[in-house]
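Each remark here refers to the structure printed beneath this line.
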Amino acid sequence: MPKLIIFSRSGRNEVEINEHCIIGRQTNNHITIPDPGISSVHCLITFEFKQGFVIRDLGSLNGTFVNNKKIVEKLSLNDGDEITLGNTRCIFSSMTPGTVVHIIDENSHTIHSHFSPISAPKAEKPFLSEKEMPDEAVLRADYEKLRITHELQRGINFDMSIDNILDHVLHCTFELLSCDRGIILITDKNGILKPRAYKTTSQENKFIISNTLVRYLQKNKKGIVSTDAMTDSRFNGAESIIKKGTRSTIAVPILDQENMIGIIILESSTTVSAYNSKDLLLLTNIANQTSRFIKTSEMAKKIKEDAITRKRFQRLLSPNLAEMVVSGQLKVEKGGESRVATVLFADIRNFTLLSENASATDVLRMLNDYFEVAVDIIFHHEGTVDKFIGDAMMAIWGAPVAHDDDPIRAVKTAIDIQNLLVEFNKTRADEGQFQIQIGIGINTGNLVAGYIGSSRTMSYSVIGSTVNTAFRLCSAAKPGQILISGQTLDQLHDTFDIAELEPIPSRSKYKPVRTFNVLNLKKDDYQTLNPNPEDV
């Protein structure tokens, strides 16, 4: 069986590869590689009929490299190819891909068919060898059937809808087998079989489905050939068979492992013994291919949707929270809910004056560099970035995911931002650029949190007086200050050195706010993100 030999810091590891294998840092991938340089969902290795095993990059941050060349779309893999993912080197080791294994009963009526990876093809084959062929016509007929099954695979594009895939399957099947009518039924989300593709050689626009036939397939999960359905004892009393005048029927289940997800039924009204055991074998193979087509198409669609979702939420949420949204652990629904949360505002002081004395390009570059540092710190403490308001930034703890120590996380974030701003300004001063100072305000309390916006564009946010108070504290903070409310102080459990200041006076409809200045942490063992703490 094909393998991926992974060379990492922990040593050498060999992992088998199946026909659809997702690789990334996320633990629910088929292969998980805990390398920080690898994206959560990094690349995909699949087996394709014509090309063998191919590798695709799934929009990873650092790209996927094969033999030191970055792949753009997809690339066929050869034995011994070196794959580089982040800081991890892998070797692709190929073996003979999956071969169809067939089991035919003694009456040649039912056939199981599944893909099983083996080291070498079996000697026994369902088709006669060239020497055993009675005449050239038989050889040509068998070749044509194999050609059409190849065309079936080649014509599939996994960007196609399921219905288009099924239409293509039915079209190729009509070229393969002699039939007047054909239908493919697929189970819906409730497990009920629903027609999804239909084809006929006449103007007939109805297909009467035999419940007896469907029940037989559901019970036995085996394909069936009836040489003369009207006299077949298995369909005794099946009124739909008699009504249609069906003479020959061939039907197979579409299986996903042991679960039946659909049925293919072909009928002939004019020919007795239109189908034989070899036809059943081929149609069973088509059903197995169809099952893989459906699953791969669904996976491709989900990968695209996940990539879009991940990209959207990684802008607002820390990477672990973004993955919770993608995996479905965290629901994204329009509307709001009441929560207790902690809100942080950070605002650059004298920004208007700075903007007037610097070019717009320099100001924009500075904002992007500053926000890059600040957002990393917020994500480090598992907060959520709510929004950017010009030179100001708003973050939340407690929504959408709550921790027992959210107020402490928010205050630690504020300290880390102020500390790292020292190094940030030092670098800017060395480059002859202007420096910045920020004020931070933090408040804790009841608010409403949820997704706000139109059906096309939604953003996660919080509203309420708790937010307004945090903004007032930020506005009152001097350069380098971290001001918190009494509600936040009550949740800090004497973790920080705090000095009480004069309350923020009442204004208009707003009440006075008890105000406290955070000086530092009391715990000596806490390490901030400041790379040079002696500079603080």
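Heavy atoms only: backbone and side chains are in, while hydrogens, waters and symmetry mates are out.
For Lys3 and Glu14, the salt-bridge test passes: some basic side-chain N is under 4.0 Å from an acidic carboxylate O. Ion pairing between a basic and an acidic side chain is recognised when a charged N comes within 4.0 Å of a carboxylate O; Glu258 and Lys221 show no such pairing.
Proximity of Leu421 to Gln418: side-chain heavy atoms (C-beta onward) are separated by under 4.5 Å at one or more points. No side-chain heavy atom of Met393 sits less than 4.5 Å from a side-chain heavy atom of Phe345. The closest side-chain heavy-atom distance from Lys222 to Leu217 is not below 4.5 Å. Contact of the Leu367 side chain with the Asp369 side chain is not registered, since no non-hydrogen atoms from C-beta on lie closer than 4.5 Å. Side-chain contact between Ser93 and Asp79: present, with at least one pair of heavy atoms (C-beta onward) separated by less than 4.5 Å. Val467 is not listed as a side-chain neighbour of Ile463, based on a closest heavy-atom distance of 4.5 Å or more. Residues Ile162 and Ser297 meet the side-chain proximity criterion, which asks for heavy atoms closer than 4.5 Å. In this structure the side chain of Gln218 reaches within 4.5 angstrom of the side chain of Leu193, judged on heavy atoms.
Rounded to the nearest 0.5 Å, atoms CD1 (Ile91) and CZ (Arg12) are 9.5 Å apart. A distance of 12.0 Å separates OG1 in Thr413 from CG in Asp376, rounded to the nearest 0.5 Å. Annotation: the span from Asp405 atom CG to Gln491 atom CD amounts to 11.0 Å, rounded to 0.5 Å. The OG atom of Ser40 sits 11.5 Å away from atom CG of Leu58, with the distance rounded to the nearest 0.5 Å. Atoms CD1 and CD1, from Ile264 and Ile254 in turn, are 4.5 Å apart once rounded to the nearest 0.5 Å. How far CZ of Phe53 is from OG of Ser76: 11.5 Å, rounded to the nearest 0.5 Å.
Crowding of His171 atom NE2: a count of heavy atoms from other residues, nucleotides or ligands under 6.0 Å not exceeding 12. Atom CG of Asp188 is surrounded by more than 12 heavy atoms from other residues, nucleotides or ligands within 6.0 Å.
Checking side-chain atoms of Ser291 against main-chain N and O of Leu255 turns up a donor-acceptor pair under 3.5 Å. Side-chain N or O atoms of Asn425 include none that pairs as donor or acceptor with a backbone N or O of Val422 at under 3.5 Å. Between the side chain of Thr488 and the backbone N or O of Ile484, no donor-acceptor pair lies under 3.5 Å. No donor-acceptor pair under 3.5 Å is formed between the side chain of Asp81 and the backbone N or O of Leu77. At distances below 3.5 Å, at least one donor-acceptor pair connects side-chain atoms of Arg339 with backbone N or O atoms of Gly398. Judged by distance alone, with hydrogens and angles left aside, the side-chain atoms of Asn13 form no donor-acceptor pair with the main-chain N or O of Ile6 at under 3.5 Å. Proximity of a side-chain donor or acceptor of Thr466 to a complementary backbone N or O of Asn446 within less than 3.5 Å is detected. Remark: side-chain polar atoms of Arg89 are not paired, donor with acceptor, to backbone N or O of Thr84 under 3.5 angstrom.
In this model, no donor atom of one side chain and acceptor atom of the other lie less than 3.5 Å apart for Asn29 and Thr32. The closest side-chain donor-acceptor pair between Ser461 and Lys387 falls under 3.5 angstrom. Counted by atom type alone, Asp35 and Thr88 present one or more donor-acceptor pairs between their side chains at under 3.5 Å. With hydrogens and angles left out, the side-chain atoms of Ser39 and Ser60 include no donor and acceptor closer than 3.5 Å. Defined by atom type and a distance below 3.5 Å, a donor-acceptor pair is present between the side-chain atoms of His381 and Asp416.
Between His42 and Asp57 the shortest heavy-atom distance is O-OD1, 3.7 Å. In this structure, Thr384 and Pro400 approach most closely via the heavy-atom pair OG1-CD, 3.4 Å. Across Cys43 and Ile55, no two heavy atoms sit closer than the pair SG-CD1, 4.1 Å. Residues Tyr198 and Gly182 approach most closely at CD1-O, 3.3 Å, considering heavy atoms. The two residues Ile442 and Ala414 have their closest heavy-atom pair at CD1-CB, 3.9 Å. Between Ile348 and Asp391, the closest heavy-atom pair is O-OD2, 3.1 Å.
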With side chain to side chain contact (heavy atoms under 4.5 Å, CB included) as the criterion, how do Arg292 and Ile294 come out once you've worked through the C-alpha distance, each side chain's angles and the decisive distance to 0.1 Å? CA-CA 5 Å; Arg292 293 205 314 278; Ile294 291 171; over 6 Å; no
From CA spacing to verdict: side chain to side chain contact (heavy atoms under 4.5 Å, CB included), Ile263, Ile184: CA-CA 6 Å; Ile263 292 173; Ile184 301 179; over 6 Å; no
Are Ile250 and Ile224 close enough, and set up right, to give a side chain to side chain contact (heavy atoms under 4.5 Å, CB included), and what steps lead you there? CA-CA 6 Å; Ile250 182 170; Ile224 182 173; over 6 Å; no
Could you go step by step and tell me if Val448 and Glu337 meet the side chain to side chain contact (heavy atoms under 4.5 Å, CB included) rule? CA-CA 5 Å; Val448 175; Glu337 59 176 343; over 6 Å; no
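Applying the ring-ring contact (aromatic ring centres under 6.0 Å, His included) test to Phe65 and every residue at least two apart in sequence or in another chain returns nothing. Every residue two or more places apart in sequence or in another chain that forms a side-chain contact (heavy atoms from CB on, under 4.5 Å) with Lys295 is listed here: Asp256, Ile261, Glu298.
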